[in-house]
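As the structure is a computational prediction, the values presented were derived from the model and not from experiment. Order of listing sets the numbers, starting from 1, for every ligand and every atom in it.
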Amino acid sequence: MQSISCEVLIIGGGATGAGILFDLSQRGLKVVLVEQNDLGTGTSGRYHGLLHSGARYVVRDPASAKECIDENLILRRIAPHVIEDTGGWFAAFPQDDPNYVPLWLQGCAQAGIKVEPLTPTQALREEPHLNPQVRELYRVPDGACDSWELLHSLVQGAAALGGRTLTYHQVVGIDVREGRVKGAYLLNRHTGEELQVEAQVIVNAAGPWAGEVGKLAGLKIGMSLSKGIMIAMNTRWTNVIINRLDKPGDGDILVPVGTVAVIGTTSVTVDHPDDRSITPKEVSEMLDAGEVMIPDFRMGRALRAWAGVRPLYDPGGAVSTQTHKEAHDEHVAEADDEGRFITRTFTSLDHADQGVEGMLTIVGGKLTTYRQMAEKISDQVCRMFKRENPCRTAETTLPTPEWLHRGKKHHTLPRRLQALEHAATQKPLICECEIVTRTQLEHAIHEGGPGVSLDDLRRDLRVGMGPCQGGFCAYRTAGVLQELTHLSREQAVEALRDFVEERFRGNRPLLWGHQLRQALLDESIYRRSLGLTPNPALEGETKHG
Ligand SMILES: Cc1cc2nc3c(=O)[nH]c(=O)nc-3n(C[C@H](O)[C@H](O)[C@H](O)COP(=O)(O)OP(=O)(O)OC[C@H]3O[C@@H](n4cnc5c(N)ncnc54)[C@H](O)[C@@H]3O)c2cc1C
């Protein structure tokens, strides 16, 4: 078995893990991050896209609100390229509780969140699709945040400082001897090879899988897994983020992201982090909630539904660094049976007092607070190494894709339209919806290296994410991939089938109107013309959502 060594091994390539990788690399430690899939394939790639101002949490979870506004202001400074400064509105409709408004205003003042009132007339002039029955509105500093772009910036920034990232490497064992971690065993999911990593400290940043990773070291980490669904609508209904001005509920936020608007979300407790099922009832309720903010929302074309699982910490299930009672009081603000009111602050655990020295876990928080989470746990790591290097991430601007010259992540439609208009786009279009050219595809395949999948290319280029949901571009992409990476015919067919099945999966709960027509067309292309039979394993998954 091959082996590598480092001072700190980070498990999990979401925002938290990537943030820690960047922070510790900046502080001069020798760090390796491992991710079982591609970067951002866990909760960080399945979230709502909101750079929180914190205003959503001011009434019930003021600690989380404060963390969000502090980090919101920092991220605007250090990572402007991943943020679209849409701004956000909190809007009260006739259905919303008027008694909530003074509590909310007081909470915003206490958390230091700048709130500016605007009249319904002003609001409707700016956003004509908004429900004209809106009673009261306030502007807050929310924004939209591209998590994939953020992750790539963090990982590339760390790489420039010596931090190493291994994607498609799953931790399958943790080596604990005489009460101390010595390292971990990895499985390369592309080649099936095993790899040993020697490490003095392991940081478990595996999000909703943190409990599973803990088990590998014989630890019990109490998690409350809260699933939420989101739906992407094929229209950017508003240019500003709309939040319902009422206590948090289902489907009460609409986020404009690129060319689409994403409505979400829900909060349902699930038993396993891989449970991403979506029921027609959830979809229907989400669209009803959309109608409150935007009349005729239901008539819009819904492109895709997906779900993510929040990695909330529930100390009830674990022995933590605090006593159970203290931890419970601190971290569970007000629990209901669906986990809605479990605090969104974060928790770091040192497992030394469970008999495993050198192992830390960080869970909870928000994508918005990833940097603060990374700072706190990196401080803890530095203390373990008796180093006094201070955190500098709040002052360091993250590298932009242009700085990186990697050609990845140039996926915003305006940038591509501009290139098309100025004849800078060469070679044929592969994906008409997202304007992806063959040149870009070839470049991304080259950058992705051996084993690059159609789904990796989707995340890099947005290929297959537009209204046709892969109908016209998936087979072309698979063809180019086969040609350039010399896949066998069987491998290419399997890759195409898995990709198409996954697209169908997100489409299926939304089949009516235009999207139903599109789905029938896609099905005729792939099932009837190309003869792709469904993958029985994926069909099984589909039954559960
Ligand atoms: C529905 C929903 C909406 C949300 N909306 C927002 C929002 O709008 N704004 C906001 O700020 N926050 C939002 N959040 C919260 C935010 O998305 C999460 O708090 C954050 O993304 C968690 O990041 P993470 O890195 O801790 O976990 P993850 O992103 O899940 O990363 C953990 C990684 O660990 C990897 N992993 C697991 N096991 C192993 C193993 N054995 N070996 C190697 N790798 C492993 C996983 O593959 C995964 O990629 C939302 C969450 C949900 C569920």
Side-chain angles (χ1 to χ4, degrees), residues 9-21 33-54 56-57 64 67-68 71-72 75 88 142-145 147-148 150-151 154 165-174 184-187 189 197 202-217 223 225-231 241 243 250-251 253 255 257 262-268 270 273-274 276 278 305-313 339 344-347 361-371 373-374 377:
L9 174 69
I10 302 162
I11 305 174
T16 310
I20 301 167
L21 175 76
L33 178 146
V34 290
E35 163 55 49
Q36 62 185 352
N37 299 308
D38 193 7
L39 293 173
T41 42
T43 312
S44 300
R46 307 185 142 267
Y47 89 130
H48 203 167
L50 184 62
L51 176 76
H52 280 284
S53 60
R56 179 168 173 79
Y57 302 114
S64 180
E67 284 171 8
C68 286
E71 290 304 308
N72 175 305
L75 282 185
D142 283 342
C145 175
S147 61
W148 290 333
L150 173 67
L151 287 173
L154 288 167
T165 301
L166 300 174
T167 52
Y168 291 102
H169 280 75
Q170 181 181 11
V171 174
V172 289
I174 294 181
Y185 299 99
L186 312 183
L187 174 73
R189 298 186 70 192
V197 185
I202 293 183
V203 181
N204 172 7
W209 294 269
E212 310 292 310
V213 167
K215 281 184 205 157
L216 298 175
M223 302 286 296
L225 302 176
S226 155
K227 186 196 68 175
I229 77 153
M230 289 140 287
I231 300 175
I241 292 164
N243 302 262
D250 290 347
I253 311 182
V255 185
V257 181
V262 180
I263 182 142
T265 174
T266 51
S267 181
V268 176
V270 291
D274 293 318
R276 298 202 287 258
I278 298 171
W306 70 96
V309 177
R310 296 177 188 86
L312 305 181
Y313 176 56
R344 303 299 157 89
T345 57
F346 61 89
T347 303
T361 291
I362 183 147
V363 281
K366 308 289 300 170
L367 190 121
T368 305
T369 59
Y370 87 88
R371 195 212 59 83
M373 295 169 73
I377 199 98

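Near Gly42, with a cut-off below 4.0 Å to any heavy atom, the atoms of ligand 1 are 29 (O), 30 (O), 48 (C), 49 (O). For ligand 1, the atoms closer than 4.0 angstrom to any heavy atom of Thr265 are 1 (C). The ligand atoms of ligand 1 that sit less than 4.0 angstrom from a heavy atom of Gly365 are 19 (O). Every atom of ligand 1 with a heavy atom of Gly13 under 4.0 Å away is listed here by number and element: 33 (C). Taking a cut-off of under 4.0 Å to the non-hydrogen atoms of Gly228, the atoms of ligand 1 that pass are 1 (C). Taking every heavy atom of Pro208 and a limit of under 4.0 angstrom, the matching atoms of ligand 1 come to 30 (O). Less than 4.0 angstrom separates some heavy atom of Gly49 from each of these atoms of ligand 1: 8 (O). Below 4.0 Å from some heavy atom of Ala205 lie the following atoms of ligand 1, by number and element: 32 (C).
For atom 43 (C) of ligand 1, the closest non-hydrogen atom of the protein is Gln36 N, 3.3 Å. In terms of protein heavy atoms, atom 47 (O) of ligand 1 is closest to Glu35 OE2, 2.7 Å. Ranking the protein heavy atoms by distance from atom 23 (O) of ligand 1 puts Ser44 OG, 3.1 Å first. Ranking protein heavy atoms by distance to atom 42 (N) of ligand 1, first place goes to Val171 N, 2.9 Å. Annotation: atom 9 (N) of ligand 1 to nearest protein heavy atom, Leu50 O, 2.8 Å. The nearest heavy-atom contact from the protein to atom 32 (C) of ligand 1 is Ala206 C, 3.4 Å. Annotation: atom 17 (O) of ligand 1 to nearest protein heavy atom, Tyr47 CB, 3.3 Å. Distance from atom 12 (N) of ligand 1 to its nearest protein heavy atom, with residue and atom name: Leu367 N, 3.2 Å.
Contact annotation: for Val309 versus ligand 1, heavy atoms closer than 4.0 Å belong to the backbone alone. Residue Cys68 does not touch ligand 1, judged by heavy-atom distances below 4.0 Å. Contacts with ligand 1 closer than 4.0 Å are made by side-chain heavy atoms of His52 only, the backbone lying farther away.
Listed for the Trp148 side chain is a donor-acceptor partner under 3.5 Å among the backbone atoms of Gly40. With Thr266 contributing its side chain and Ile229 its backbone, the two residues share a donor-acceptor pair below 3.5 Å. With hydrogens and angles ignored, the 3.5 Å screen pairs a side-chain donor or acceptor of Thr368 with a backbone N or O of His52. A donor-acceptor contact shorter than 3.5 Å is absent between the side chain of Arg46 and the backbone of Val309.
Counting heavy atoms from C-beta outward, Ile11 and Ile174 have side chains that approach closer than 4.5 Å. Between Gln36 and Thr41 the shortest side-chain heavy-atom distance does not fall below 4.5 Å. Using a 4.5 Å heavy-atom cutoff, the side chains of Thr165 and Leu39 are in contact. In this structure the side chain of Asp274 reaches within 4.5 angstrom of the side chain of Trp209, judged on heavy atoms. Counting heavy atoms from C-beta outward, Ile377 and Thr16 have side chains that stay 4.5 Å or more apart.
Rounding to the nearest 0.5 angstrom, the gap separating the CG atom in Asn243 from the CD1 atom in Ile253 is 5.0 Å. The OH atom of Tyr185 sits 12.5 Å away from the CG atom of Leu216 when rounded to the nearest 0.5 Å. Rounded to the nearest 0.5 Å, atoms CD1 (Ile20) and OH (Tyr370) are 11.5 Å apart. Here CG of Leu75 is found 9.5 Å from OG1 of Thr369. Values are rounded to the nearest 0.5 Å. Here CZ of Arg310 is found 5.0 Å from CZ of Arg344. Values are rounded to the nearest 0.5 Å. The NZ atom of Lys366 sits 7.5 Å away from atom CZ of Arg56, with the distance rounded to the nearest 0.5 Å.
Not a single heavy atom of Gly264 sits under 4.0 Å from any atom of ligand 1. Judged by the shortest distance from any of its heavy atoms, His169 lies inside the 4.0 Å radius around the atoms of ligand 1.
Among the atoms of Thr368, some N or O lies under 3.5 angstrom from an N or O of ligand 1. Considering backbone and side-chain N/O of Ala15, one or more are found under 3.5 Å from N/O of ligand 1. For ligand 1, the polar-atom distance check against Thr43 finds a nitrogen or oxygen pair separated by under 3.5 Å. On a distance-only criterion, Thr16 and ligand 1 share at least one N/O pair closer than 3.5 Å. At least one N or O atom of His48, backbone or side chain, sits closer than 3.5 Å to an N or O atom of ligand 1. Checked against a 3.5 angstrom limit, the closest N/O atoms of Gly40 and ligand 1 fall outside it.
Taking each heavy atom of Ser147 and Leu367 in turn, the nearest pair found is CB-CD1, 3.9 Å.
Around atom 1 (C) of ligand 1, the closest heavy atom drawn from Met373, Met230, Glu71, Lys227 belongs to Met230.
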